[in-house]
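By convention in this document, chain letters (A, B, ...) are assigned in the order of the sequence lines, proteins followed by strands, and residues within each chain are numbered from 1.
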Protein chains: 2
Amino acid sequence: MDKDFDKYNEIAEILKVLAHPVRLCIVKGLIENGECNVTHMQSCLDTPQSTTSQHLQKLRAAGIVEGKRNGLEINYRVCNDKVIDIIKTIFKDN
Amino acid sequence: MDKDFDKYNEIAEILKVLAHPVRLCIVKGLIENGECNVTHMQSCLDTPQSTTSQHLQKLRAAGIVEGKRNGLEINYRVCNDKVIDIIKTIFKDN
DNA sequence: CCTTTTTTTTAGAATTAGTTAATATAGCGG
DNA sequence: CCGCTATATTAACTAATTCTAAAAAAAAGG
């Protein structure tokens, strides 16, 4: 029954990354408002810049967001359709 | 923008509990096959009894599953519609 | 090349989560 | 009441996460 063990692991990894209030807020915000740079995110998040950046790194490493540099800024967006689907389900009736 | 801070926390708590391969397997199995007792779960899970029981306790504490005693056994089932919805979305196309 | 701005990386402390063996509890059949 | 089976709880240890401050890197402008 656990030949899907890798599958469970893979999904658990994604969920683990989503399972943090700040990262949830980042991902939900990006889905709803499109691209956003780090400085602007911070103004909504009330965490120090370094903390925000580390959350973004986790999201990047998990293949959930990606950033594109534009001059000094880096604009992030959600690049994972499954995650978009999951987040929409989670926040469906709020 | 973070007057929903409690909401993010609440959802993160649920996701944190789901974000473990063994617990994912338990929840998905319960959703697909209905009720199940602990001994039977273990036979599918390849973890010691105590480990399984502790995962179940986390799921119980989070309001995701509930158990009903039937003689010596305790039969668990998923009692959280939102979680059912999320899990179905996660495993949609597999 | 110096400075400023934006973002990332590193390092360390504090907290939280996961695993396991051992012990406890609950219900049943004699 | 005893022994048996199913499940839960505790205690101890290890591993992983989170947070923050400080330092580094990358791009732009003068």
Whether Tyr8(A) and Phe91(B) hold their rings parallel, tilted or perpendicular, with breakpoints at 30° and 60°: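 Perpendicular, since the angle between the ring planes exceeds 60°.
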
Under a 3.5 Å distance rule, please check whether [X] uses its side chain to pair with a backbone N or O of [Y] as donor and acceptor.
X        : Y        : result
Asn70(B) : Glu73(B) : no
Arg77(B) : Gly67(B) : no
Asn33(A) : Gly29(A) : yes

Roughly how far, to the nearest 0.5 Å, is [atom2] of [Y] from [atom1] of [X]?
X        : Y        : atom1 : atom2 : value
Ile87(A) : Ile86(B) : CD1   : CD1   : 9.0 Å
Leu18(A) : Leu18(B) : CG    : CG    : 11.0 Å
Ile26(A) : Leu56(A) : CD1   : CG    : 4.5 Å
Ile74(A) : Glu66(A) : CD1   : CD    : 12.0 Å
His55(B) : Met41(B) : NE2   : CE    : 12.0 Å
His40(A) : Thr52(A) : NE2   : OG1   : 12.5 Å

Taking only side-chain nitrogens and oxygens of His40(A), does any of them come within less than 4.0 Å of OP1 or OP2 of dT6(C)?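 No, no such contact exists.
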
Calculate the interatomic distance between [X] atom [atom1] and [N] atom [atom2]; express it in whole Å.
X        : N       : atom1 : atom2 : value
Glu13(A) : dA17(C) : CD    : P     : 16 Å
Leu45(B) : dG18(C) : CG    : P     : 15 Å
Met41(A) : dT6(C)  : CE    : P     : 14 Å
Asp46(B) : dT20(C) : CG    : C1'   : 14 Å
Glu73(A) : dT7(C)  : CD    : C1'   : 11 Å
Asn37(A) : dT7(C)  : CG    : C1'   : 10 Å
Gln42(B) : dT20(C) : CD    : C1'   : 13 Å
Arg23(B) : dT19(C) : CZ    : C1'   : 12 Å

So, do Asn80(A) and Val65(A) sit near enough that their side-chain heavy atoms are less than 4.5 Å apart?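 With C-beta onward as the side chain, the pair stays apart.
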
May I ask you to say what Gln54(B) touches in the nucleic acid, namely base, sugar-phosphate or nothing, with a heavy-atom cut-off under 4.0 Å?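 Answer is base: heavy atoms of Gln54(B) come under 4.0 Å of a base.
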
The contact string for nucleotides 22-30 of chain C, one letter per nucleotide 5' to 3', using protein heavy atoms under 4.0 Å with B, S and - for base, sugar-phosphate only and none, comes out as B---BBS--

Which nucleotide of DNA chain D is the first, and which the last, in the 5' to 3' direction, to come under 4.0 Å of a heavy atom belonging to chain A?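 Taking any atom under 4.0 Å from a heavy atom of chain A, the span is dT17(D) to dA28(D).
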
Which of residues 58-67 of chain A have a heavy atom under 4.0 Å from DNA chain C?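 Hits under 4.0 Å, by residue number: Arg60(A).
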
